[in-house]
Protein chains: 2
Amino acid sequence: MTLLDSIVMQGLGRHGALTAEDKTLLLDLELNPRRAAAGEVLWQESADVDLFCVVKEGWAYSYRNLGNGSMQILKVYLPGDIIGMRDFGFARRLAGVAMINDGVISPFTHQQLFELIGRSPALAAGIIATVVRQQAMLTERLVYLGRYAAHERLAHFLYELYLRLKRIGAVAENGFLMPLSQEQIGDALGLSAVHVSRTFSMLRDEGLVVRDRQHVVLPDPQALARLVEFNDTYIDETLSSAFHGFH
Amino acid sequence: MTLLDSIVMQGLGRHGALTAEDKTLLLDLELNPRRAAAGEVLWQESADVDLFCVVKEGWAYSYRNLGNGSMQILKVYLPGDIIGMRDFGFARRLAGVAMINDGVISPFTHQQLFELIGRSPALAAGIIATVVRQQAMLTERLVYLGRYAAHERLAHFLYELYLRLKRIGAVAENGFLMPLSQEQIGDALGLSAVHVSRTFSMLRDEGLVVRDRQHVVLPDPQALARLVEFNDTYIDETLSSAFHGFH
DNA sequence: AGAGATTCATAACGCAGGTTATAGACGAGA
DNA sequence: TCTCGTCTATAACCTGCGTTATGAATCTCT
């Protein structure tokens with residue numbers, strides 16, 4: 001799991017050839033890795049925007065604390081993801097970010113990001129693509145919050161994680177580790193922790209999800225995908241050819 | 001309402017001086033205006049991505065049609081907004097777009113957008129800012145879908161429209177025209193049309209919203225804002241200084 | 001190894017909001 | 001002016017999910 005540095009390159013660079021300089025620029029982003037403990041808050045809402053991070057190990061999530069005492073988790077970050085792009089261009093953080101479990105992150109500065117954009121059109125395009133893809137994932141979540149029932153939300157959530165983890169080689173025999181508590185899952189899906197538990201039981205009874213603490217197995221991923229009519233365009237879609245021309 | 005062409009410039013250019021050439025580039029985007037009738041579908045989900053549009057008159061919305069027969073409205077577009085940025089970088093539309101009422105739109109091509117980005121770093125930065133701001137509005141909606149009750153969702157929705165319309169001078173004496181049906185509002189807020197009606201009645205009884213068909217008045221906008229703890233950072237926040245340095 | 005804190009499963013109960021139904025108000029077109 | 005279709009208001013009824021509670025299992029710290 002330590003060679004995930006390259007995942008960023010895969011994610012950003014798949015659609016166009018990266019030059020050796022591009023690769024150097026990318027690797028430079030990861031020169032300052034540090035450990036981050038479970039629960040550590042990387043930054044709070046409204047903090048100044050100074051850093052972005054590459055997640056190298058562990059999971060993180062971005063969230064909003066609400067006036068009514070509840071929390072909404074906006075996105076779960078996996079190894080290889082870039083944290084903080086949400087705030088790109090803003091002076092203040094729109095959401096807080098915290099680690100879910102112990103991990104390693106590589107912070108880099110606003111400054112570094114601007115330089116990278118200035119030096120490599122290919123990477124600039126890739127970064128825009130990253131932002132747009134994140135927006136697409138957010139949209140997908142929004143649709144599920146607005147119009148689907150609890151079991152569909154949970155199934156969709158698990159299947160999305162499954163696909164994303166598979167991309168980075170963190171799935172074995174349809175199983176993966178999921179360090180999120182049911183409370184946190186509820187905060188992501190707009191459900192109470194109790195109902196998340198109920199819903200897990202339901203999916204278990206239907207043979208769709210087997211779970212033992214943090215270990216999750218999807219015995220039949222296709223069945224899950226059918227249940228949620230999973231639209232994976234937003235995860236795997238290739239960029240348009242017009243976009244390539246931009247490089 | 002016909003001079004709204006300039007709104008795009010206001011929205012993108014407020015944070016940095018635009019050169020005369022920048023302005024020309026922007027005006028070039030609006031050379032081909034055409035009428036669009038209420039209900040007209042500008043494009044469907046999964047269609048090829050070819051065009052973007054500036055809305056010059058009228059309202060539009062982007063939406064997803066779901067397998068369970070319902071619809072989720074993702075965003076309402078007002079005069080001066082750019083439609084289609086959601087799909088920037090994708091080969092296929094992630095969402096359909098339709099007109100709410102009669103209006104005028106100015107389509108421009110992928111090609112034009114790329115040229116504009118290539119020629120003017122200031123405009124490129126502005127466009128990224130537009131995308132990020134849209135993402136922020138989407139996030140705000142997501143939070144409300146996940147963690148707030150019907151009356152809070154509706155109040156927030158109305159107040160956001162109020163602010164956006166005020167920016168473009170479409171509010172008079174705290175009142176504005178809202179061409180959305182209650183069914184459409186429900187599709188945006190993840191509620192049934194019946195419950196939207198109930199909730200309007202509730203807000204009316206509390207003196208927060210007066211409504212007669214399409215005419216809406218917010219007698220005390222501040223009271224509404226308090227109800228929803230409105231966070232207008234994402235609408236008005238100035239860009240970070242680092243971002244300015246990028247121009 | 002023991003104590004306290006977290007997490008999870010399941011049950012009981014209540015309510016916000018979905019669904020269906022009905023009737024009035026309004027708008028477009030003949 | 002009449003008709004038909006769309007939109008809205010309100011009522012009656014039902015259910016999915018929130019809330020609260022309890023006990024068991026697991027983790028953490030010493």
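Bear in mind the structure is a predicted one, so any value in this text is a computation, not a measurement. First the proteins, then the strands, lettered A, B, ... as listed; each starts at 1.
With rounding to whole Å, N68(B) atom CG is found 15 Å from dT19(C) atom C1'. Rounded to whole Å, atom P of dA28(C) lies 13 Å from atom CG of N101(B). Counting to the nearest Å, the P atom of dT7(C) and the CD atom of Q184(A) are 7 Å from each other. Atom pair D102(A):CG and dC27(D):P shows a separation of 15 Å (rounding to whole Å applied). Summarising the geometry, the separation between CE on M202(A) and P on dT10(C) is reported as 14 Å, rounded to the nearest angstrom.
R64(B) has no carboxylate O lying under 4.0 Å from a charged side-chain N of D187(B), or vice versa, which leaves the two without a salt bridge.
Counting only N and O atoms by type, the side chains of S201(A) and R204(A) include a donor and acceptor under 3.5 Å apart. R153(A) and H156(A) share no side-chain donor-acceptor pair at under 3.5 Å.
In this structure, the side chain of N68(A) engages the main chain of S70(A) through a donor-acceptor pair within 3.5 Å.
Taking the six-membered ring where the residue is Trp, Y148(B) and Y144(B) present parallel rings, their angle staying beneath 30° rather than reaching 60°.
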statement: With sugar-phosphate taken as primed atoms, P, OP1 and OP2 and all else as base, the protein-contact string of nucleotides 3-20 of chain D at under 4.0 Å (heavy atoms; B, S, -) is -----SBBBB----BBBB
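Residues satisfying the ring pair (Phe, Tyr, Trp, His ring centres under 6.0 Å) criterion with F176(B), sequence neighbours excluded, are absent altogether.
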